[in-house]
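Convention: sequence-line order gives letters A, B, ...; per-chain numbering from 1. Both backbone and side-chain heavy atoms feed into the values below; hydrogens, waters and symmetry mates do not.
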2 protein chains.
Amino acid sequence: MAIRQGLDSETVLLAAIEIADQQGIELVTLAALAAKLNVKTPSLYNHIKGLPDLRKLMSQRSLQHIREAMVEAVLGKSGEDALLAAGFAYVNFVRKQPGLYDAMAALPDLEDPQVKEASTQVVMFILRLLEPYHLSEEDALHVVRGFRSIVHGFASLEMKNGFRMNLERDESLRRLLTTYLRGMAKG
Amino acid sequence: MAIRQGLDSETVLLAAIEIADQQGIELVTLAALAAKLNVKTPSLYNHIKGLPDLRKLMSQRSLQHIREAMVEAVLGKSGEDALLAAGFAYVNFVRKQPGLYDAMAALPDLEDPQVKEASTQVVMFILRLLEPYHLSEEDALHVVRGFRSIVHGFASLEMKNGFRMNLERDESLRRLLTTYLRGMAKG
DNA sequence: TGACTAAACTAATGTCATTAGTTATTATAC
DNA sequence: GTATAATAACTAATGACATTAGTTTAGTCA
């Protein structure tokens, strides 16, 4: 017995993400995770500190992925095009990995240092996209809040089946973003 | 023993809401609820079907309160003023009852019939506010999605301490809403 | 080879939700 | 007013889960 599984925290994290995306964040239990990894529950504590710690790792990873997806999406774009592409990249990430994103949304608060850092990276990325607008620092920060509210709000409502009308979702998102950006430009 | 407490589902619901707002939704357990109501846990099942049922009741109630708050806020207002007031009423409700709102955000999905109905009431209310704009039905529905995304996104990010910069939050919200509305008007 | 490190394990505890079955209180019917 | 029915509380039991303590054993390295 006790054959080593070669586990490490990354493997545990990836398995947790897989369960989250396939079955929902509430089914990410240490029991389910251990079963998936052919190990007993307490063995997981060699790699993660516990369930709350795992949730934090997932949130952090989620924010990293979102940033990466947005970075990739804006390559070769600037101004309004870039912001639109970044917004879609954000929402498309949530569509592809709803459980992982939900781990972040389910976090009681985002005060954990590492989560904070990943979140700061997202904010700084959006600030970069706003440079062509030559806003004051304060103005830019308000816009970042606006942009984040829009994409997070849209993505989470969509994820929870909050949009029930028979209406193109991408079109809703496109209009939401372009309307906001138009308001910015014509402000 | 077994003195009757005069419990009913409303009392249970109100106690759950109180725990949620004071201590957070994750501490709304049947055990905590029973203790608060001077009753043993199984007794709660005479009034609610179980924890998932309670969560649904909370979500439904949350949506009702949000609608009421918005209705109250727009009295005597119309057009952009009304939409701005409604947006602030939404966010201020979440500020006042974060745990109750979180119960809704924590629901796996919003497919439950009664939650759906309460949600439809909110959508219909926003549609009424859009009447002065004389939009097509499709256009109006896209705007409703936009408005909901904005207020939900802002409120939930704020609730989870997602806004960490030292920057007026009401001002962020005001700008977010007016920028969007300006984009609509100048579309 | 021998000693150390660490990854797995077993065992135990405590919290929680839920169900089944029981008791006792309140309301209703007569 | 008393008998009966409905129901709100209870006790007891089960099963899922997270977590901690202590143990074994598999790799690693001197």
Side-chain angles (χ1 to χ4, degrees), chain A residues 1-60 99 102-104 106-109 112 115, chain B residues 1-60 99 102-104 106-109 112 115:
Chain A
M1 91 207 63
I3 290 175
R4 298 239 175 161
Q5 296 291 333
L7 280 194
D8 56 13
S9 58
E10 180 68 15
T11 309
V12 173
L13 176 55
L14 292 179
I17 292 172
E18 201 172 315
I19 295 175
D21 286 332
Q22 290 172 357
Q23 310 179 242
I25 185 65
E26 65 282 350
L27 291 180
V28 177
T29 62
L30 294 189
L33 203 43
K36 186 183 179 72
L37 295 166
N38 295 310
V39 130
K40 305 297 176 185
T41 307
S43 304
L44 297 173
Y45 286 82
N46 287 316
H47 309 289
I48 56 170
K49 294 200 197 83
L51 194 53
D53 177 57
L54 181 62
R55 293 285 186 93
K56 282 181 199 169
L57 291 176
M58 292 176 78
S59 303
Q60 189 190 346
D102 214 19
M104 194 186 69
L107 221 49
D109 79 306
D112 175 76
V115 174
Chain B
M1 90 204 65
I3 291 174
R4 296 234 176 165
Q5 296 292 331
L7 279 195
D8 57 12
S9 57
E10 181 66 15
T11 309
V12 173
L13 175 56
L14 291 179
I17 292 173
E18 202 172 315
I19 295 175
D21 285 333
Q22 289 172 358
Q23 311 180 241
I25 185 65
E26 63 283 350
L27 291 181
V28 177
T29 62
L30 295 189
L33 202 44
K36 187 183 178 73
L37 294 166
N38 295 310
V39 130
K40 304 297 175 183
T41 307
S43 304
L44 297 173
Y45 286 82
N46 287 315
H47 309 288
I48 56 170
K49 295 199 197 83
L51 193 53
D53 177 57
L54 181 63
R55 294 285 186 91
K56 282 181 200 169
L57 291 175
M58 292 176 79
S59 302
Q60 189 191 346
D102 213 19
M104 195 186 68
L107 266 196
D109 78 305
D112 176 76
V115 174

Can you pull out the residues from residues 14-40 of chain B that lie within a 4.0 Å heavy-atom distance of DNA chain C? B:Thr29, B:Leu30, B:Ala31
Considering only heavy atoms, which members of residues 51-59 of chain A lie under 4.0 Å from some atom of DNA chain C? none
[X] [atom1] to [N] [atom2], straight-line distance once rounded to whole Å:
{"X": "B:Ile48", "N": "C:dA17", "atom1": "CD1", "atom2": "C1'", "result": "11 Å"}
{"X": "B:Leu44", "N": "D:dC10", "atom1": "CG", "atom2": "C1'", "result": "12 Å"}
{"X": "A:Asp8", "N": "D:dG27", "atom1": "CG", "atom2": "C1'", "result": "16 Å"}

Can you give me the closest heavy-atom contact between [X] and [Y], atom names plus distance?
{"X": "A:Val115", "Y": "A:Lys56", "value": "CG2-O, 3.8 Å"}
{"X": "A:Arg55", "Y": "A:Ala106", "value": "NH1-CB, 4.3 Å"}
{"X": "A:Pro108", "Y": "B:Glu26", "value": "CB-OE2, 4.5 Å"}

I would like to know whether A:Ile25 and A:Met58 meet side chain to side chain contact (heavy atoms under 4.5 Å, CB included); could you show each step before the answer? CA-CA 10 Å; A:Ile25 185 65; A:Met58 292 176 78; 4.0 Å; yes
Please evaluate the base of C:dA6 for a donor-acceptor partner in the side chain of A:Asn46 within a cut-off of under 3.5 Å?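 In this structure, the two groups form no donor-acceptor pair.
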Is there a side-chain contact between [X] and the phosphate of [N], meaning an N or O under 4.0 Å from OP1 or OP2?
{"X": "A:Ser43", "N": "C:dC9", "result": "yes"}
{"X": "B:His47", "N": "D:dA9", "result": "yes"}
{"X": "A:Tyr45", "N": "D:dA18", "result": "no"}

A:Leu33 and side-chain contact (heavy atoms from CB on, under 4.5 Å): which single residue from A:Leu13, A:Val39, A:Leu44, A:Thr41 fits?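 So, applying the side-chain contact (heavy atoms from CB on, under 4.5 Å) to A:Leu33 and each of A:Leu13, A:Val39, A:Leu44, A:Thr41, only A:Leu44 qualifies.
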Approximate separation, where rounding is to 0.5 Å, of A:Ser9 OG and A:His47 NE2: 8.5 Å
Does atom NZ of A:Lys49 have more than 12 heavy-atom neighbours from other groups under 6.0 Å away? no
Take B:Asn46 and B:Leu7 through the side chain to side chain contact (heavy atoms under 4.5 Å, CB included) test and state the conclusion after the steps. CA-CA 9 Å; B:Asn46 287 315; B:Leu7 279 195; over 6 Å; no
